[in-house]
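This report refers to the structure that appears directly beneath it.
Residue numbers start at 1 and run along the sequence shown.
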Amino acid sequence: MKIPLAFFIFILIPTSSFSADFNRDIRCLSANAKNGGKINLMYVDVSYDKDNWSSNYVKYEKSSKPITLIPVSIKAVDDGTKSNKITIKWKEFVDGAYIGEYSMVSQGVYIETFTYQDKKGNLFSFQDSPELLSADGKTCNWKNK
């Protein structure tokens, strides 16, 4: 059985050299539900600097599946500070069906607003809750809420 040389090269190169160009920003966000409870979601931005590529998804606390967000518009405004104010809008599709739209306004690492509007027009305003980010920065710890 012949094993391709590329297999050995892949095994010998440390994984960290592949992941060094990938960035992952995780945010834990909460909104008030109509029933008085909380809606919690994890927002994840994954980017690969070498190819100027990024993707985003949300994962709700009570869901086992992430939802990929499809970017609709990105607008950057220079307000004279160090970082541009960025407004991003995404569409949400689940199993091919349009479900709603997310919008985020951020400046640097600060999220000014993060909203979700479902297809019925219900609007939810989420607040960034950095205290819920796990110690390793890889997930949200909803038990701390």
Side-chain angles (χ1 to χ4, degrees), residues 4 6-7 9-145:
F7 174 78
I9 292 171
F10 179 78
I11 295 300
L12 295 174
I13 298 174
T15 307
S16 61
S17 66
F18 286 107
S19 63
D21 297 317
F22 280 95
N23 298 303
R24 189 167 80 165
D25 181 30
I26 296 176
R27 299 302 182 99
C28 306
L29 301 151
S30 298
N32 293 322
K34 291 186 178 195
N35 64 6
K38 288 280 187 189
I39 302 170
N40 298 312
L41 68 81
M42 180 173 67
Y43 164 77
V44 181
D45 176 80
V46 180
S47 60
Y48 183 65
D49 293 338
K50 282 189 176 182
D51 290 334
N52 196 27
W53 172 88
S54 70
S55 184
N56 312 93
Y57 68 89
V58 295
K59 185 169 183 259
Y60 284 85
E61 174 189 17
K62 298 182 181 191
S63 176
S64 61
K65 294 182 179 181
I67 301 168
T68 301
L69 303 178
I70 310 300
V72 176
S73 66
I74 300 173
K75 180 180 170 187
V77 175
D78 182 356
D79 65 355
T81 61
K82 289 182 181 180
S83 300
N84 286 342
K85 186 177 280 195
I86 309 291
T87 301
I88 305 173
K89 293 185 186 276
W90 300 274
K91 298 276 187 189
E92 174 189 42
F93 292 86
V94 175
D95 296 327
Y98 172 74
I99 303 297
E101 185 172 300
Y102 293 85
S103 178
M104 180 175 71
V105 177
S106 64
Q107 190 162 16
V109 297
Y110 177 69
I111 295 177
E112 290 184 18
T113 62
F114 192 99
T115 59
Y116 172 71
Q117 186 169 14
D118 66 21
K119 63 183 177 183
K120 295 178 183 175
N122 297 310
L123 183 66
F124 300 91
S125 294
F126 287 84
Q127 301 300 315
D128 193 8
S129 301
E131 71 279 4
L132 298 177
L133 189 62
S134 64
D136 64 5
K138 293 182 179 181
T139 191
C140 297
N141 189 354
W142 302 117
K143 291 177 177 70
N144 289 345
K145 58 184 174 170

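When all heavy atoms are compared, the tightest approach of S134 to K138 is OG-N, 3.3 Å. S54 and D45 get closest at one heavy-atom pair: CB-OD1, 4.3 Å. Scanning both residues, K89 and S103, for their nearest heavy atoms gives NZ-OG, 3.8 Å. The two atoms that bring L133 and T139 nearest to each other are CD1-O, 3.4 Å, heavy atoms only.
Surrounding CG of D136 are more than 12 heavy atoms belonging to other residues, nucleotides or ligands, all under 6.0 Å away. In this structure, N52 places its CG atom where only 12 or fewer heavy-atom neighbours from other residues, nucleotides or ligands lie under 6.0 Å away.
Among residues at least two apart or in separate chains, salt bridge (charged side-chain N to carboxylate O under 4.0 Å, His left out) pairs with a member in residues 111-128 are R27-D128, K85-E112.
Residues K38 and W142 have side chains not in contact (no heavy-atom distance under 4.5 Å, counting atoms from C-beta outward). A 4.5 Å side-chain heavy-atom check between V44 and V46 finds at least one atom pair inside the cut-off. Between I26 and R24 the shortest side-chain heavy-atom distance falls below 4.5 Å. Under the 4.5 Å side-chain criterion, counting only non-hydrogen atoms from C-beta, L41 is not in contact with F124. The shortest side-chain heavy-atom distance between S129 and N40 does not fall under the 4.5 Å cut-off.
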For a quick test of your reading: what N or O donor-acceptor pairs under 3.5 Å do the side chains of residues 66-80 make, sequence neighbours left out?
{"unit_1": "D78", "atom_1": "OD1", "unit_2": "G80", "atom_2": "N", "d": "2.9"}
{"unit_1": "D79", "atom_1": "OD1", "unit_2": "T81", "atom_2": "N", "d": "3.2"}
{"unit_1": "D79", "atom_1": "OD1", "unit_2": "T81", "atom_2": "OG1", "d": "2.6"}
{"unit_1": "D79", "atom_1": "OD1", "unit_2": "Q107", "atom_2": "NE2", "d": "3.1"}
{"unit_1": "D79", "atom_1": "OD2", "unit_2": "Q107", "atom_2": "NE2", "d": "3.0"}

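Within the model, atoms CG of D49 and CG of N23 stand 4.5 Å from one another, a figure rounded to the nearest 0.5 Å. Note that OG of S47 and CG of D25 are 8.5 Å apart. Values are rounded to the nearest 0.5 Å. A distance of 12.0 Å separates CD1 of I39 from CG of L29, quoted to the nearest 0.5 Å. Within the model, atoms OG1 of T113 and CD of Q127 stand 9.5 Å from one another, a figure rounded to the nearest 0.5 Å.
Using cut-offs of 30° and 60° on the angle between ring planes, the pair W53 and F22 is perpendicular.
Screening Y43, Y57, Y98 against W90 for a ring pair (Phe, Tyr, Trp, His ring centres under 6.0 Å) leaves a single residue, Y43.
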Side chain to side chain contact (heavy atoms under 4.5 Å, CB included) between K65 and V94, intermediate numbers included: CA-CA 10 Å; K65 294 182 179 181; V94 175; over 6 Å; no

Trace of the side chain to side chain contact (heavy atoms under 4.5 Å, CB included) decision for M104 with Y102: CA-CA 7 Å; M104 180 175 71; Y102 293 85; over 6 Å; no

